[in-house]
Amino acid sequence: MVLTEAQLAAVLGIAEDAVIIADSGQRIRFFNRGAEVVFGYPAAEVLGQPLEILLPPEARPSHHAHVERFGASGDSARRMGERGEISGRRKDGSVFPAEASICRLQTTGGALYTAILRDVTERRRQSELMRQAKEAAEAATQAKSLFLANMSHEIRTPLNAVIGMTSLLLDTPVTDEQRDFAQTIRSSGEALLTIINDILDYSKMELGKLELERHSFDLRRCIEESLDLLSPKAGEKNLNLAYIVEDGAPDMLLSDATRLRQILVNLVSNAVKFTHQGEVLVTVDATLEAQGKHLLHFVVKDTGIGIPQERLGALFQSFSQVDASTTRKYGGTGLGLAISKRLAEMMGGAMWVESQVGQGSAFHFTLLVEAAGRGERDYLHQGSPALTGKRILIVDDNTTNRRILVKHALAWGMLPSAAASAIEALDLVRHGHAFDIAILDMAMPEMDGMGLALEIRKYRDPKALPLVMLTSMGQRQKGVAWERASFAVQINKPIKPSQLYDALV
Ligand code: ADP
């Protein structure tokens, strides 16, 4: 079907966009209803006129250059199209921005130029308004973050004085009641300081002002320092706290130890907070990446209350807690995870979580680090003449601890036997297994470490079989039983390879 000129004009007449057709001499041949509205000319007034009356004077030279270029491209290209932003000029002389599609059509009667264009003044105005509103909102957020950063900084100074002075007060002679009051002031001050520090970090991150340091440090020591802060709390709740660094992870790292400790303290304190029985285990493994970098993969795994599947997504958002009652029951601001995740990302890694209600949670994070040569604790990876070939009895009801102790003993060339209960251990000793040394966990069901030691002493004296006691922090053993069992040494959980090594040697 071929449309007549009149039909075509009728069709184009309903378009809201301006449709203009000019001939090879650049004279206007068609001007639809939309063009009348956009340019303010009635069609009768412009038909036969030069096309350039629709352009502002300053746009005319470039328009001519364009047409020439179009023409020069030759007849072989029968049809050419172009789309872009141009300026239009209305009858009243006002200039407006327009979006135009222009094409050249070669016909038997010569070239035809068609322009379809749309006045985008209103759209421009809207997006300008949007841009201004966005800038204003960003400025307001910046101002808020700056205020938060300044304020938390200001609060920290007097708060440190409160905590410091309370500690000094506690060193002076005070009554038991006064000590109790002063200790409450100090622990509340410390809790407040944690919150203020979180807010300070968070606002610095919002402002993009949080900077990381880069220095070399000992990975194991960094983990141990983090766990030491939390082991009293874990001990109080009878939770087993442990860590394993798998072979292949570098000893010394080039990264930011303070920030790594901050992430670990955050995740482990959450794990201890939300676990009522069982254990909290930190593991680290490493893979070698490009350019000699190592991707460290940390997992903080607990056997706690867990997190419902549908809440996992929102967990890392700031100020988010799994449910509102959490604040009342466990305290906290909901900032810790948001900060930790961002820190991991700033250190070239990521953070994610797996969890099952009632089973526990595992928070994973990775960091991209450089190894910083060998550490001063090299001996921890090698057999030691003092320990090689020695038979060691390991008694702990906790599988993780047995695994850690056996792993270290093997690394030092020892011959370990592991028992999961006092009964099992006694069986081994009674049946004549000769051990050079034994490590006994204090807290075991049925018969504890002390009971087991007293039983062992019926068969072996302290010279024949030295005993090492493994306890939670704060459970220092004393008294008659301790004397009779004559333990050679006591070490605290979490098990630290260097401490264990020294004790065994
Ligand atoms: P805070 O602990 O200060 O409230 P976080 O960002 O560290 O803030 O944690 C946010 C919330 O995530 C916690 O309030 C808790 O509901 C949930 N959560 C974090 N860690 C655990 C965990 N190990 N087990 C169960 N719930 C957790």
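All ligand and atom numbering here is 1-based and tracks the order in the structure.
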Selection from I195, N266, T194, L337 by shortest heavy-atom distance to atom 9 (O) of ligand 1: L337
With sequence neighbours excluded, residues passing side-chain hydrogen bond (donor to acceptor under 3.5 Å, both in side chains) with R403: E246
Numbered atoms and elements of ligand 1 in range of L335, under 4.0 angstrom, heavy atoms: 6 (O), 8 (O)
Salt bridge (charged side-chain N to carboxylate O under 4.0 Å, His left out) between R124 and E128, intermediate numbers included: CA-CA 6 Å; R124 282 271 179 85; E128 176 59 17; over 6 Å; no
For K273, the ligand 1 atoms whose distance to one of its heavy atoms is below 4.0 Å: 2 (O)
Pairs involving residues 410-427, ordered by first then second residue, that meet salt bridge (Lys or Arg N to Asp or Glu O under 4.0 Å) (sequence neighbours left out): none
Polar side-chain atom of D302 near backbone of G360 as donor-acceptor pair, under 3.5 Å: no
Contact check, G304 vs ligand 1, heavy-atom distance below 4.0 Å: no
Ligand 1 versus L315: contacting region, heavy-atom distance under 4.0 Å: side chain
Contact with ligand 1 for F316, non-hydrogen, under 4.0 angstrom: no
Non-hydrogen side-chain atoms of N240 and D396 separated by less than 4.5 Å: no
Qualifying residue, where the test is salt bridge (Lys or Arg N to Asp or Glu O under 4.0 Å) with E99 and the options are R123, R83, R118: R123
For ligand 1, the portion of T275 having any non-hydrogen atom under 4.0 Å away: neither
